[in-house]
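Here the structure is laid out as structure tokens; the discussion comes afterwards.
Everything quoted here is computed from the prediction, not taken from an experiment.
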Amino acid sequence: MAARASESSHFFWSIDKVELKQVKQIGVSACGATAVINILKALGLEHKVEEVAAAIETRRRAETAPLHEYLFSRGVAGTAADDLIEGLYKIAGDKVYARFFSFYPKRDVNIINWFLDWIKQGVVPLVTLNRQRGVEPGKEVPDAWHHQMVYGADQEHIHMCNPVTASRWATIEKQMCSDSILKVRNVDILTRLDRRCDLEAIEGHSDVRWSEMKVKDRIMAVVRERISQADHEDPEQTRRFLYSHVDIPAAYKSGVTLCVRTDQTNAYKNLKSASDLPVL
């Protein structure tokens, strides 16, 4: 059950003990599996890291593949919320119940009260965040989405692990309310642009979002801009270019997966019967 610190804050693990309690990233792109490991630990259903890793398929980036295959792999690398729920059931069976709540489009809910209400019932949240949103001016844009277990919340911050982080609600709300889009750095595109690249494969991808988002056209624009800057004498101009991105479709959905032990009867029933959050 959640440890109540006050009427307006609830924690599964205390702030001064979380570094010792948490399991840190277990592998490349494995933030989802790591979050599930921490979820099971918080629920008192701890399993070996190897068991969880084997139960959850973590997709890798095709780092050395032709550009089009690399981009396809980037859009699905890691795991989505559905993969994590499936993994939870493989590991814990009917001892656990999990349910995903989408936060995109924006939902009509008091996010602070919503989290606090579930946590105080012993329900453990797992957030799926687009960390490329809500980036402070001057900070580098992260290159991936992220799954994190929430170990506590108060009126000012949501507290997560892997890494141990206290984020302001305004920031987390932006990151939890995002379309399924991933920003890929131009430099990651240009360094893989060679004769193996098939831009028509991008245009003809079975997921029509690749065509609708004009990814092929964006790549061509990057190439044209790079050619035009090749002899540019202003290094600052080149630097600004290298830090821009191309948007591609992503498999991830932003939101929250709530997890509870089924022997916590009231919380289990409440979660199972809860209404989906209304769109604002």
When you measure from the side chain of Arg133 to the backbone of Lys174, do you find a donor-acceptor pair of N or O atoms at a distance under 3.5 Å? yes
Taking a hydrophobic cluster as the set of Ile, Leu, Val, Met, Phe, Trp and Tyr residues connected by side-chain heavy atoms closer than 4.5 Å, whether directly or through intermediates, do Leu193 and Met220 fall within one such cluster? yes
Donor-acceptor under 3.5 Å (His157 side chain, His159 main chain): no
Should Ile39 and Leu84 count as side-chain neighbours, where that means a heavy-atom distance under 4.5 Å? no
Can you check whether Lys183's main-chain N or O pairs, donor with acceptor, with Gln132's side chain at less than 3.5 Å? yes
Judged by atom type as modelled, is there a donor-acceptor pair below 3.5 Å linking the side chain of Ser73 to the main-chain atoms of Tyr70? yes
Do Val135 and Leu182 share a hydrophobic cluster (ILVMFWY, side-chain heavy atoms under 4.5 Å, transitive)? no
Kindly assign one of parallel, tilted or perpendicular to the pair Trp169 and Phe115, based on the angle between their ring planes and the thresholds 30° and 60°. tilted
Steps toward salt bridge (charged side-chain N to carboxylate O under 4.0 Å, His left out) verdict (Arg107, Asp276): CA-CA 10 Å; Arg107 305 291 154 153; Asp276 289 330; over 6 Å; no
Is there a donor-acceptor contact under 3.5 Å linking the side chains of Asn130 and Ser178? yes
From Thr171 OG1 over to Ile158 CD1, what is the distance, rounded to the nearest 0.5 angstrom? 11.0 Å
Heavy-atom pair of closest approach, residues Val256 and Leu258: CG1-CD2, 3.7 Å
Straight-line distance of Met160 CE to Asn38 CG, nearest 0.5 Å: 13.0 Å
Are any side-chain N or O atoms of Thr165 and backbone N or O atoms of Pro163, one a donor and one an acceptor, separated by less than 3.5 Å? yes
When you measure from the side chain of Ser180 to the backbone N and O of Ala251, does any donor-acceptor pair fall under 3.5 Å? no
Full working for side chain to side chain donor-acceptor pair (under 3.5 Å) between Asn162 and His146: CA-CA 10 Å; Asn162 186 43; His146 197 46; 4.6 Å; no
Is the backbone of Leu271 close enough, under 3.5 Å, to the side chain of Arg99 for a donor and an acceptor to pair up by distance? yes
Quick one, Ile189 and Arg192 - any side-chain contact, counting heavy atoms below 4.5 Å? no
Can you name the closest pair of heavy atoms from His147 and Thr128 and give their distance? ND1-OG1, 2.9 Å
Where the side chain of Asp179 meets the backbone of Ile181, is there a donor-acceptor pair that is under 3.5 Å apart? no
Full working for side chain to side chain contact (heavy atoms under 4.5 Å, CB included) between Ile111 and Ile172: CA-CA 10 Å; Ile111 188 173; Ile172 216 70; 4.3 Å; yes
Output for pair (Arg209 CZ, Asp247 CG), nearest 0.5 Å, gives 11.5 Å
Pairwise side-chain contact, Leu40 with Val52, heavy-atom cut-off 4.5 Å (strictly under): yes
Calculate, to the nearest 0.5 Å, the distance between atoms CZ and CD1 belonging to Phe11 and Ile119 respectively. 8.0 Å
When hydrophobic residues are tied together by side-chain contacts of less than 4.5 Å, even through go-betweens, does Val28 share a cluster with Val76? no
Donor-acceptor pair, side chain of Arg74 and main chain of Asp143, under 3.5 angstrom: yes
Close side-chain approach of Pro249 to Met213, heavy-atom, < 4.5 Å: yes
Can you find a pair of side-chain heavy atoms, one from Lys106 and one from Tyr104, that are under 4.5 Å apart? no
Does some side-chain heavy atom of Lys269 sit less than 4.5 Å from a side-chain heavy atom of Thr265? yes
Rounded to the nearest 0.5 Å, how far does CG of Asp207 lie from CD of Glu212? 8.0 Å
Verdict with supporting geometry, Lys41 and Ile37, side chain to side chain contact (heavy atoms under 4.5 Å, CB included): CA-CA 6 Å; Lys41 194 171 185 179; Ile37 292 168; 5.7 Å; no
If we count only N and O atoms by modelled type, under 3.5 Å, do the side chains of Asn270 and Gln121 hold a donor and an acceptor together? yes
How close do Cys161 and Gln22 get, heavy atom to heavy atom, and via which atoms? CB-OE1, 3.2 Å
Between Tyr268 and Tyr97, what is the ring plane arrangement, given parallel below 30°, perpendicular above 60°, and tilted in between? perpendicular
Take His68 and Glu200 through the test side chain to side chain contact (heavy atoms under 4.5 Å, CB included) and record every step on the way to the result. CA-CA 9 Å; His68 60 287; Glu200 293 307 318; over 6 Å; no
Counting only N and O atoms by type, is there a donor-acceptor contact under 3.5 Å from the side chain of Ser9 to the main-chain atoms of Asp154? no
Which is it for His245 and Val184 under the side chain to side chain contact (heavy atoms under 4.5 Å, CB included) test, yes or no, and what are the steps along the way? CA-CA 5 Å; His245 299 74; Val184 179; 5.9 Å; no
Any idea which heavy atoms bring Thr257 and Ala81 closest together, and the distance? OG1-CB, 3.8 Å
Return the orientation label for the Phe72 and Trp210 ring planes: parallel under 30°, perpendicular over 60°, tilted otherwise. perpendicular
Report yes if the side chains of Leu126 and Val150 come closer than 4.5 Å at any heavy-atom pair, otherwise no. no
Look at the rings of Trp145 and Tyr252 and say which category their plane angle falls in: under 30° parallel, 30 to 60° tilted, over 60° perpendicular. tilted
Looking at every heavy atom in both Leu71 and Ile248, which two are closest together, and how far apart are they? O-CD1, 3.5 Å
Would you find more than 12 non-hydrogen atoms of other residues, nucleotides or ligands less than 6.0 Å from Lys90 atom NZ? yes
Pairwise distance CD1(Ile219) to NZ(Lys214) - rounded to 0.5 angstrom: 14.0 Å
Please find the pair of heavy atoms, one from Ala153 and one from Leu116, that lie closest to each other, and give the distance. O-CD2, 3.3 Å
Do Cys259 and Leu43 come within less than 4.5 Å of each other through their side chains, counting heavy atoms only? yes
For Gln155 and Ser8, which I'm curious about, is there any donor-acceptor pair between the side chains at under 3.5 Å? no
